[in-house]
Number of protein chains: 2
Amino acid sequence: MAVTAKIDTAERILDAALTLFNERGAANVTTADIAAGAAMREGNLHYHFRRKEQLVEALFARFQEDELLVAERSIPDPADPRSYTDYQRGWFELMWRYRCFYRDATILFAQAPALRPRFAATQAQARLAVQRVLNLAVENGLMRATPAQIEKLVMNVWIVSSYWMDFWAANTGAETLSRSDLAWGFAQIASLYEPYMSA
Amino acid sequence: MAVTAKIDTAERILDAALTLFNERGAANVTTADIAAGAAMREGNLHYHFRRKEQLVEALFARFQEDELLVAERSIPDPADPRSYTDYQRGWFELMWRYRCFYRDATILFAQAPALRPRFAATQAQARLAVQRVLNLAVENGLMRATPAQIEKLVMNVWIVSSYWMDFWAANTGAETLSRSDLAWGFAQIASLYEPYMSA
DNA sequence: GTCTATATATAGATAGAC
DNA sequence: GTCTATCTATATATAGAC
């Protein structure tokens with residue numbers, strides 16, 4: 001089971017990296033930190049990921065896969081408002097889980113330049129899926145907005161969703177972010193939709 | 001004129017630092033880069049700013065001063081929509097000029113931790129000033145919104161204004177940002193105000 | 001004030017024993 | 001696969017000549 005063990009170890013490293021990136025910010029995490037987080041020596045970590053860049057790229061591949069799953073999740077009942085709430089909740093969970101990629105995209109690009117075009121492509125695809133969902137809401141009379149308004153709205157929702165955590169940390173002076181702060185972000189994003197809601 | 005010369009040199013260093021932070025991102029600028037940008041040797045730079053942290057703090061003091069001037073600029077004619085457009089334009093110019101502080105706040109905090117509480121305080125003060133301006137627009141019938149809506153709106157405008165540049169770079173895959181891209185950001189922010197405009 | 005030369009610290013990566 | 005020990009590269013900072 002040597003192969004399995006290796007895969008598991010790589011996954012363990014990625015888990016540790018994600019946790020640290022999320023908690024401390026991608027700028028403040030060294031390979032030594034990640035090794036410690038995965039309870040191993042630096043030399044061993046470099047056996048599994050020869051370069052830090054490769055580690056970041058592998059973690060990103062995970063994120064990318066999960067994001068598209070969330071973005072393209074189907075709306076079970078297009079006439080039921082709860083379907084959309086559930087959809088949004090799925091996004092929120094994902095963005096929290098991989099918040100380092102939203103918050104620290106710039107830093108991670110500096111560490112792994114190959115990510116930039118891949119990120120742009122994935123985000124564009126995901127944004128299109130979101131746009132389709134909002135258009136569905138319009139078609140079903142749950143929202144009232146022109147296609148142009150929907151497009152701007154999606155962009156604004158995207159920006160606020162991506163960066164409110166960084167904003168929150170910077171502007172409150174808080175060192176870290178707790179899960180309970182999510183309510184603030186949720187309300188903030190809800191206020192973007194509000195002018196276009198029918199009900 | 002020894003004293004004057006010293007001040008001028010310090011200013012020259014700060015100018016170079018601001019330009020580089022804006023163009024390359026705060027994460028990718030070393031003291032060597034700044035020294036080169038100011039056309040001097042590293043040793044000389046350290047004579048003027050013993051630690052990089054002090055340099056960042058001095059640059060921040062400049063930003064802070066300019067930001068509060070823009071935020072608390074008076075509205076000459078509260079009944080004239082153009083007064084508000086001018087006010088917003090002032091913000092846009094400032095945010096472009098000091099975009100590194102909005103975009104890379106997290107990175108700069110890592111380099112100069114003393115900045116975090118100062119930044120939070122300044123931003124809160126500035127945001128209050130913006131809120132007063134928007135309330136003025138409501139009072140003069142140019143906008144229609146409840147105080148609660150204004151508060152959410154200010155936060156969203158703040159977040160989008162601060163981060164749209166980073167978002168743009170990350171999502172288009174562009175390495176840098178040109179001044180012509182400002183139009184996109186302006187339209188994006190305008191769309192936030194739109195639902196609350198009377199005219 | 002500005003320079004050259006040097007020192008220190010740290011992150012990332014490698015070599016080889018086990 | 002994991003370890004210890006070591007190497008390299010880079011950023012920041014200092015010392016001292018001019």
Side-chain angles (χ1 to χ4, degrees), chain A residues 1-18 20-21 23-60 100 104 106-115, chain B residues 1-17 19-21 23-60 100 104 106-115:
Chain A
M1 294 297 177
V3 174
T4 308
K6 184 182 175 183
I7 291 171
D8 286 351
T9 307
E11 290 298 309
R12 213 175 80 227
I13 292 169
L14 293 179
D15 287 341
L18 179 58
L20 288 167
F21 283 160
E23 283 177 359
R24 299 190 198 166
N28 307 311
V29 177
T30 66
T31 47
D33 294 332
I34 298 171
M40 68 176 57
R41 298 294 176 178
E42 293 178 58
N44 192 14
L45 184 142
H46 278 90
Y47 168 79
H48 291 281
F49 295 98
R50 207 137 191 280
R51 322 195 83 241
K52 191 185 188 185
E53 192 174 346
Q54 290 165 0
L55 191 159
V56 172
E57 283 176 20
L59 189 56
F60 175 77
C100 59
D104 307 328
T106 314
I107 293 163
L108 293 166
F109 290 164
Q111 287 176 357
L115 251 54
Chain B
M1 293 294 182
V3 174
T4 307
K6 183 181 172 179
I7 290 171
D8 286 350
T9 306
E11 291 296 312
R12 213 176 79 228
I13 292 168
L14 293 180
D15 287 341
T19 301
L20 289 167
F21 283 159
E23 285 178 356
R24 299 190 198 168
N28 307 311
V29 177
T30 65
T31 47
D33 294 331
I34 298 170
M40 67 176 56
R41 298 295 177 179
E42 293 178 57
N44 192 14
L45 184 142
H46 278 90
Y47 168 80
H48 292 280
F49 295 98
R50 208 135 190 282
R51 322 195 83 246
K52 191 184 188 184
E53 190 173 348
Q54 290 164 1
L55 192 158
V56 172
E57 282 176 19
L59 189 57
F60 175 76
C100 60
D104 308 327
T106 315
I107 294 163
L108 293 165
F109 290 165
Q111 287 175 357
L115 251 55

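We name chains A, B, ... by the order of the sequence lines, and we start the count at 1 in each one. Predicted, not measured: the structure shown is a model, and the values here were computed from it.
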- Message: Quick check: do B:T31 and B:F49 have side-chain heavy atoms less than 4.5 Å from each other?
- Response: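 Not touching, per the 4.5 Å side-chain cut-off.
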
Specify the separation, in whole Å, of atom [atom1] of [X] and atom [atom2] of [N].
| X | N | atom1 | atom2 | result |
| --- | --- | --- | --- | --- |
| B:D33 | D:dA11 | CG | P | 7 Å |
| B:R50 | D:dT14 | CZ | C1' | 8 Å |
| A:H46 | D:dT4 | NE2 | C1' | 15 Å |
| B:N44 | D:dA17 | CG | P | 18 Å |
| B:K52 | D:dT14 | NZ | P | 15 Å |
| B:Q54 | D:dA13 | CD | P | 9 Å |
| A:E42 | D:dA5 | CD | P | 13 Å |
| B:I34 | D:dA13 | CD1 | C1' | 14 Å |

- Task: Of all the heavy-atom pairs spanning A:L115 and A:E57, show the shortest one and how long it is.
- Result: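 So the two residues come closest at CD1-CG, 3.4 Å.
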
- Query: Can you tell which of C:dT14, D:dT4, D:dT12 lies closest to the side chain of A:R41?
  - Reply: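 Of the options given, the side chain of A:R41 lies nearest D:dT4.
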
- What's the closest nucleotide to the A:Y47 side chain, out of C:dA13, D:dA13, D:dT2?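 Between C:dA13, D:dA13, D:dT2, the one nearest the side chain of A:Y47 would be D:dT2.
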
Can you check whether [X] has a side-chain N or O nearer than 4.0 Å to OP1 or OP2 of [N]?
| X | N | result |
| --- | --- | --- |
| B:H48 | C:dT2 | yes |
| B:R51 | D:dT12 | no |
| A:T31 | C:dG12 | yes |

- Hey, could you give me the CZ/CG distance between B:R12 and B:L45, rounded to the nearest 0.5 Å?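 Reported to 0.5 Å precision, the distance equals 10.0 Å.
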
- Test side-chain contact (heavy atoms from CB on, under 4.5 Å) applied to B:F21 and B:N28, B:D104, B:I107, B:L59, the passing residue: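 The single option meeting the side-chain contact (heavy atoms from CB on, under 4.5 Å) with B:F21 is B:L59.
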
